[in-house]
Structure formats: C-alpha cells, structure tokens
Amino acid sequence: MATISDFVARTSGSFSTVITRKSDISLPMHTDAKPRPKFQVKALLGHCLYRRVVIWTTIAFALLTVVFFDPRLTTQSQNVLHYMHGSKSPVKEAPITTENIMLQNQDSIVISPLKQEVVHEVQLGVKVEVVEDVANNAVKNIPDDAPNNTGEDTPDDMPNGKPNDIPPGHEPNDRPNGILDNTHDGAPQDAPKAAPAPGDIPSETPEGDMVRQEEDTSQKKEDTDGPKWLKFKHLDGYYRGLRALVQLSEYKPEYPKPLLPSPSEPILAPHHVDMPTPTIYRPHPDYNSNEWRESYVHVNPCYIDRDRAVPVPDLYAYGGLVQGQPRAAIGSHEALGLRDDICFDRFGRYGPYGLGYSLDRGGVSESLDIESEGSETVWEQSGQINWNDVDWAEAQARCFISNEDRFFTGNQSQDAELTSTGRKKIHRTAIVVRTYVGFKWTAHAILNFRAMISELSLQSGGEYDVHFLLHVRDNSAPIWADTGTAQKIIESHVPAEFHGLCTLWSEAQMRLYYPGDFGDTYENPSNGDIHGVYRSAHMPLQHFAMTHPEYEHFWNWEMDMRWTGSYYELFDRLSKWGAKQSRVGAWERSAKYYIPGLHGTWENFTELVDAEMRASNKRPLIGPVNFAGKVTLSQGEDFMPASCASGSELSQCGVGEEADLITLNPLFDANESGWVFAGDVTGYQTALPKPPRRCAIVTASRLSRRLLSVMHEETWRLHHSMFAEMFPPTMAFHHGLKAVFAPHPVFLDRDWPQVEIEKAFNGGEDHTSSGHGSPFDLNNEHNHKGTSWYYNSEFAGLLWRRWLGYAQMDGRGDNGGRAGEGVSRGGREEEQDSANSGRLCLRSMLVHPIKWEDPAEKED
C-alpha cells in the first residue's frame with residue numbers, strides 16, 4: 001500500500017525543495033517512468049549460469065509443493081506461520097472494540113529506556129484507580145444539550161437549495177436589547193425559537209450503528225492518489241447562517257458524532273423570517289461590583305479621545321448557536337472557560353470599529369457591498385465612531401495613567417512592599433505583534449487591531465498594552481541612532497493611528513546587541529544567519545522585554561491571526577487556565593492533542609495521560625533537566641514554587657503559579673520527530689549529543705519575564721540559540737520553568753472519525769505528538785490543512801472569508817475537493833436570498849493563517 005511519502009518528490013540536500021513541498025505535500029504527484037525493455041526468455045536461458053538458477057528453482061518449487069500439499073504432512077500443523085511467529089499456538093487478532101480504542105492496546109506500547117534528563121525524579125501523587133473505557137466516558141461526558149443523533153442536512157447555502165417554510169405564528173418576536181455578561185446561566189434567552197420546518201431532515205444513522213460507522217470509516221482502504229482525509233466528507237454546518245440560530249438546549253451539532261448514540265431524533269432546521277438581534281457582550285470583570293471593589297483597586301473608565309467624550313464601544317454577540325454547526329474536534333471552549341453558548345457575526349465583531357460605513361464618516365469603507373440586514377443594531381448606543389483621528393498610543397497611555405495605582409511597577413523591591421499593603425494589585429501584560437516593512441495594511445487588518453487595543457487595553461483599564469515590533473529589513477538604516485530615520489520608516493509603512501505603538505528593530509541591531517561567536521551548529525537546513533529573523537525571531541522579543549520592565553508577561557503575536565470573539569476573553573482565560581494547571585504531568589499533557597470526542601472531559605484526559613505515562617514506565621518531568629554539556633545560569637536554577645517543596649501535596653505542585661510559557665500547539669519532543677528544523681541547535685558542543693529539546697509550531701505564545709530573562713542570558717553569555725519555535729520551550733524545559741499547551745478549540749473541515757484524529761495528531765511516541773509518527777513530521781503536516789489553526793491551513797482562510805461575507809470555492813461536493821476548488825458559494829446574493837440562512841455566525845475561534853481577506857487583495 002502506498003504511503004504519503006510516495007507522493008512527495010525527494011531531492012536530497014535542497015532546502016528550497018523541502019520548503020516548497022510544504023505547500024503541496026497533500027497532493028498526489030505524478031512521475032513519468034521510463035519504459036522498460038521487454039523481457040526475453042531466449043536471452044535469459046542463453047547464459048549457463050541463468051540456466052542453472054532456473055533448473056534449481058524449479059526443483060525447489062516442486063519439493064515445496066509436495067511438502068505443503070501431502071495430506072500426511074499438512075495434518076501435523078495447521079499453520080506454518082505459527083512457527084515463523086515463534087509460537088505453536090494459534091495466532092488471533094484482538095478485536096477492535098470501544099474499550100481499547102483509547103489506550104490502543106497497552107500491550108503494544110513500546111517501553112522506551114529512561115532518558116537521563118530528569119533531576120527531580122518524583123512519583124505521581126495523583127491517584128488513578130481505573131481508566132474507564134471510551135464507551136463509558138463518552139456517555140458520561142456528552143452534555144445534556146448534545147444531540148441524540150445526527151444527520152446530513154443539505155446546507156442552506158447550497159445552490160438550488162429549498163427554503164424551509166415557517167408555520168404561521170412562529171415568527172420570532174422582537175426583544176429588548178440586553179447585555180450578555182460573563183456568566184453562564186443555562187440556555188441563552190435571546191436566541192429566537194422557531195418551529196421546525198416541514199422539510200426537516202431526520203437522522204440517517206439508526207441506533208447502535210454509530211460506533212460501527214466510525215470503525216467502518218476508519219478501516220476503509222486508503223487510495224493511492226492522496227491522503228486519507230481527502231476522502232472524508234466535508235462538513236456543511238459551518239456555512240449555515242443566523243436564520244438557523246437556536247437556543248443552546250435545542251442545539252445539535254453536525255459533528256463530532258457521539259460514540260454511543262441515543263434513540264434517533266430528527267435534527268430541527270429552523271428558518272427564521274426575521275433576523276435575530278445581537279446584544280452587547282462584556283467578558284470583563286464587573287469593575288463596579290462590590291466584590292471587585294472590596295478586593296481590587298477601583299478601575300477608572302478609559303476613552304478613545306483626549307476630551308473623554310467618546311467611550312470605548314462594545315462588541316455584540318448572539319445568544320445561541322447556529323443549528324448543526326460543528327463543535328471543535330480538538331480542544332474545547334469548556335476546558336478553557338470560554339463561552340460556548342454564543343456566536344459572533346462580522347458586524348457584531350467589527351461594526352463598532354468601522355466595518356460597514358464609509359471613510360468620510362470615520363469607517364473603513366469595507367463591507368458596503370455585502371449583506372448587512374440588521375447591522376444597524378451595533379451602532380444604536382455608540383453611534384458610528386469617527387476613527388480617522390485616533391491616536392492609539394496616546395489612548396493607551398492615558399488609560400494606564402488614570403489606573404496606575406492598580407498595577408505592580410516592575411521594580412521588585414517596591415512591588416514586594418505593595419504586595420503586603422492595601423487592595424490587590426495585578427501585573428500587566430504586553431501584546432507584542434510582529435510586523436515588518438512592506439506588510440500590506442488592509443482595512444480588515446486595521447479593524448482587527450482597533451478591536452484588540454479597545455478590548456484588551458482600554459476596556460480593561462490598562463491591564464494590557466499592544467505594541468508593534470517592526471522589522472526593518474534595510475540593515476544599513478541607523479534606526480537606533482537617528483530618530484528622524486526611524487520616524488520616516490514608520491510614517492511610510494504603518495497607518496497613522498498606530499505610529500506611536502511601533503518599536504523598530506533590524507538584524508544589524510541584533511548583531512550589536514548579541515555580539516560574539518555563537519560557535520558550531522548541529523544542522524542549519526535554511527542556511528540562514530544566526531541573527532536572522534527566520535531562525536532567531538526571539539532575539540528582538542528578548543530585547544523588547546529587557547527594555548520594558550513594566551510588563552510581567554509578553555504575548556508573541558502575528559499579523560495573520562484572527563479571533564472571532566473578544567480578545568480580552570481569549571487572553572484572560574488562557575492566563576487563568578495556565579495558572580490552574582499542576583506541574584505534575586504538564587509536559588506530558590502538553591505533548592498530546594486533547595480530542596474531546598474521544599477523550600471525554602479535560603479531567604478524563606488528564607487521567608488518561610497519567611495512565612499512559614505509567615504504562616510507558618516513565619516518570620513525570622518536573623523541574624530542570626540535566627544533560628551533558630549543560631551550563632548553570634548566573635541567576636541560578638531555582639524556579640520551583642513553594643507548592644512543590646518537599647512534604648507538600650505533589651498534585652498541587654504549581655497550582656496557582658502563573659505559567660512561564662503558554663503555547664497554542666503541543667510542546668513536542670523534537671528528537672526524531674521528523675520536524676525539518678529539529679537539529680537547528682547552535683552554540684553547544686557538537687561532539688556531544690544534541691541537548692534535549694521541546695518545540696511548539698507557530699510562535700504565538702505567552703512568555704513570562706523570567707523565561708525571557710533566561711533566554712536573554714543563554715543568548716548573550718552562553719551564545720546558545722535554536723530555531724525560533726524551539727528556543728523558548730527548550731529553555732523552559734532545561735531550567736524548570738512552568739510550560740503548558742492550552743487546548744483552545746480547533747475545528748476540522750471534514751467528517752474525521754475520532755480514532756483517525758488520534759492516529760493523525762497523536763500518532764507519535766506513546767500516543768503523543770513527539771518522536772516517530774509526529775504530526776509535525778514533514779510527511780505528516782498535510783493533516784493540518786483542514787484545521788482552523790496551523791501555518792499551512794487552507795480551511796482557516798476559507799472559513800474566515802466566508803464569515804466576512806465573501807463568496808468562496810470551498811471544495812464541497814461529491815468528489816471532496818480542496819479549498820479553491822469546486823463551486824463558488826456564499827457572498828452577497830446568496831446571503832440576501834430569503835431562501836438561505838443569512839450571514840454566518842461562528843463561535844469564538846482562532847484562525848491562522850489569514851493571508852488575504854477581501855478577494856480584491858489576493859495576489860496570484
């Protein structure tokens with residue numbers, strides 16, 4: 001059977017060939033073979049040596065025929081293969097059942113020898129009596145509102161689709177415009193209720209067939225013309241719109257399918273005549289509540305303008321979910337504490353910041369030519385704000401000054417005194433967005449960062465600040481010596497409203513800041529310079545942190561990332577979740593994708609990882625690691641919290657401690673992972689084995705000041721460095737800092753069987769993303785193309801543009817094409833058609849990469 005590697009043309013020694021393969025590795029590649037000469041028996045038998053070989057082969061074959069077909073001989077052994085396997089007993093294969101899907105036959109787990117990395121060797125203190133089978137876990141963890149069964153509805157946006165008629169008297173009534181706060185009180189009350197249309201499609205899967213259907217799908221023979229996931233059916237539920245909105249109690253996702261279904265029920269497909277109405281969504285704490293005021297310093301409101309006349313606008317959300325919209329296949333809202341009972345459309349998300357009205361009125365003139373029914377609701381309270389003269393640097397500075405008493409200063413001795421006096425103070429966080437000279441600023445990019453600054457900085461009373469780290473590619477430009485040169489570069493390449501937020505850097509500057517000989521490199525597949533942005537994007541971030549002591553944490557962010565919900569909710573919940581995690585098993589959990597449809601709740605997942613770790617005869621990695629050639633830091637290695645001290649309850653080790661590193665993809669062991677840059681390690685003794693390494697693909701992550709300080713010392717004093725996505729996790733690993741992978745919700749564009757997700761994304765060593773079989777192996781990365789979050793994703797941009805209201809070729813159809821193939825769907829005419837379900841409304845989700853938004857921006 002052909003493997004994925006058969007479809008990849010290999011050219012050794014060519015890095016450009018390797019990188020080019022990333023863009024099309026999932027496509028079958030055709031190679032023309034030269035015709036072989038015809039076989040001639042006369043030429044073969046004309047040689048004496050060949051004649052002897054043919055004669056003896058014929059005799060041997062005749063003897064074997066007698067042995068195997070003589071009844072007196074064959075009755076003595078029923079299967080000669082038994083002897084080949086070293087056993088005289090019959091060979092039986094264990095049946096595949098729901099009880100062994102999760103652990104995938106623990107007897108087959110390869111027990112690897114213990115690596116000499118761990119200094120703090122501990123025994124797990126968490127008690128795990130029994131890891132329940134998948135069937136039981138699935139039953140326990142299907143929410144009350146989960147569907148009893150699913151069917152395959154015809155998408156509302158399919159060409160020639162038939163509308164669902166609304167029975168008289170069931171049209172939704174207008175409701176007063178309320179506010180969705182940060183509480184979760186059962187089903188939202190503002191999702192319109194509609195009766196099912198007569199054409200509702202019943203579930204097509206009878207009771208008891210769901211598990212068999214899952215197994216049958218996973219066991220289909222893979223064709224030789226492409227990866228297996230190309231054969232999975234596209235999901236349609238993403239493309240239904242607001243007219244199909246239902247309350248959470250009525251919501252039934254198209255995907256994932258439950259492992260054990262309940263009695264069959266039809267999926268109700270409402271079709272509201274009137275568009276639902278959004279409400280204000282505020283995920284921030286109630287700064288005016290008595291509870292807040294008793295514990296924390298009062299928060300003063302912040303404004304857009306100097307005259308304090310224009311308050312920060314709110315974003316809007318819809319209470320409820322679009323019927324049939326899939327749930328996240330990897331990660332979950334529930335695990336991180338994100339709201340999962342609301343959805344966002346483009347106007348509720350970006351309308352307050354200028355989407356939908358013209359430049360002369362202060363908007364961005366974007367989305368004037370797309371469907372907009374009911375969009376005026378988002379401007380009823382704030383009006384259409386004129387953003388033309390906003391200075392975001394001044395607005396952030398004013399906000400911080402008016403709330404300065406709330407925060408720690410960054411001065412350790414002064415902050416120690418503040419901790420013991422008065423109300424609680426909090427640390428500040430910087431969002432550092434990496435950009436570069438030549439980046440094409442678009443209307444949507446401007447909207448995105450207006451939203452980020454408003455929601456994170458101004459609405460939080462200065463808890464966050466947003467900065468742009470601008471890469472100047474001209475190494476001859478004296479950006480650190482001449483303010484005039486620096487200002488001219490900013491004015492030429494950044495919109496005026498963001499000028500004051502920019503910090504410039506160049507590779508020439510990094511050579512001055514981190515001078516000296518960095519020594520030998522194990523491997524350098526990119527042939528890049530050690531100070532270059534491609535290999536060492538962490539260097540300017542380290543420099544930024546050293547010059548900004550007022551921040552305790554730094555989010556490393558990129559220009560092509562988007563979040564459909566509130567930025568404050570995202571970063572705040574990630575921070576709180578990271579602090580709750582125990583250090584015990586954190587590295588092991590972080591090396592594995594969390595798949596709710598297979599693993600159950602986060603608590604079940606934690607127990608599973610515990611059990612797998614025990615089965616592999618490995619101890620949890622806690623504290624700094626020791627390896628040949630390691631050099632101690634001048635600041636010492638004492639990064640363990642008091643909760644990990646001897647005599648403490650081990651399971652509480654690190655609970656309540658802020659994470660030094662929060663990543664958005666797994667922290668995998670780079671060794672033997674097949675990741676192309678796994679050997680890009682510089683400054684160590686190359687005569688010794690490579691140091692142990694951890695990595696997280698996509699550099700988006702939160703780093704603490706102390707982690708960046710460690711990285712800074714390793715760089716300037718020890719001249720150590722690694723590829724950008726590997727250096728921060730590895731430094732945390734070496735020195736015993738707290739690191740976690742946050743299981744944010746990731747969506748798949750196709751109907752993947754749950755077991756196939758596990759095989760593809762946790763197919764490495766010990767059922768993780770590490771080692772052989774890693775999903776980050778160059779030959780396996782194609783599996784990410786249909787996800788909503790990975791650097792090579794095709795689905796992320798496709799879904800984002802459909803959400804923005806642009807028609808796209810989404811590849812859906814009988815042949816299961818890819819993004820950019822098939823029939824064009826969506827867009828203004830389709831969304832305005834009363835027979836269709838209207839504009840999209842999505843749960844909060846991260847999407848990456850977004851290389852273009854308006855189709856007019858696409859570069860061929």
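Quick caveat, the model's predicted, so the values are computed rather than measured. Below, each value reflects all heavy atoms present in this structure, side chains not excepted, and no hydrogens, waters or symmetry copies. Numbers for residues simply follow the sequence, beginning at 1.
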Are the charged groups of [X] and [Y] less than 4.0 angstrom apart, N to O?
X	Y	answer
Arg346	Glu831	yes
Arg562	Glu853	yes
Asp345	Arg349	no
Arg450	Glu497	yes
Glu371	Arg802	no
Glu394	Arg306	yes

Centroid-to-centroid, [X] to [Y], below 6.0 Å?
X	Y	result
His467	His548	yes
Phe407	Tyr551	no
Phe344	Tyr316	no
Tyr513	Trp716	no
His712	Tyr514	yes
Phe747	Trp789	no
Trp392	Trp387	yes
Phe571	Trp557	yes

Spacing of [atom1] belonging to [X] relative to [atom2] belonging to [Y], to within rounding of 0.5 Å:
X	Y	atom1	atom2	result
Leu842	Ser788	CG	OG	10.0 Å
Asp389	Asp305	CG	CG	10.5 Å
Gln542	Thr547	CD	OG1	12.0 Å

Say whether, by atom type as modelled, one donor and one acceptor occur between the side chain of [X] and the main chain of [Y] under 3.5 angstrom.
X	Y	result
Arg398	Cys302	no
Glu569	Arg339	yes
Arg702	Ile662	no
Ser506	Asn475	no
Ser382	Trp379	no
Lys580	Ser575	no
Glu857	Trp852	no

[X] side chain near [Y] side chain, heavy-atom distance below 4.5 Å:
X	Y	answer
Phe498	Trp441	yes
Phe554	Leu708	yes
Asn288	His298	yes
Ser566	Leu315	yes
Met731	Glu714	yes
Arg428	Phe400	yes
Val364	Thr442	no
Glu294	Ser289	no

Do [X] and [Y] have side-chain N/O donor and acceptor atoms under 3.5 Å apart?
X	Y	result
Asn665	Tyr790	no
Thr485	Asp482	yes
Glu455	Tyr464	no
Thr435	His471	no
Asn411	Thr409	no
Glu558	Thr699	yes
Gln808	Arg801	yes
His848	Asp560	yes
Glu463	Tyr568	yes

With a cut-off of 6.0 Å (strictly less than), are more than 12 heavy atoms of other residues, nucleotides or ligands near CG of Asp369? yes
Is it the case that over 12 heavy atoms from other parts of the model lie below 6.0 angstrom from the CZ atom of Arg293? yes
Taking the inter-plane angle between the rings of Phe727 and His538 on a 0 to 90° scale, is it parallel (under 30°), tilted (30 to 60°) or perpendicular (over 60°)? tilted
Would Tyr238 and Phe795 count as a ring-ring contact (aromatic ring centres under 6.0 Å, His included) here? Give the steps. CA-CA 11 Å; Tyr238 295 112; Phe795 179 52; 5.2 Å; yes
Six-ring centre of Tyr287, Arg282 cation under 6.0 angstrom, axis tolerance 45°: no
Is the NZ or CZ atom of Arg839 both under 6.0 Å from the centre of the six-membered ring of Trp803 and within 45° of that ring's axis? no
Pair Trp800-Thr564, side chain to side chain contact (heavy atoms under 4.5 Å, CB included): steps then yes or no: CA-CA 9 Å; Trp800 179 254; Thr564 58; 3.7 Å; yes
Only one of Ile431, Val312, Asp465 clears side chain to side chain contact (heavy atoms under 4.5 Å, CB included) with Ser457; which? Asp465
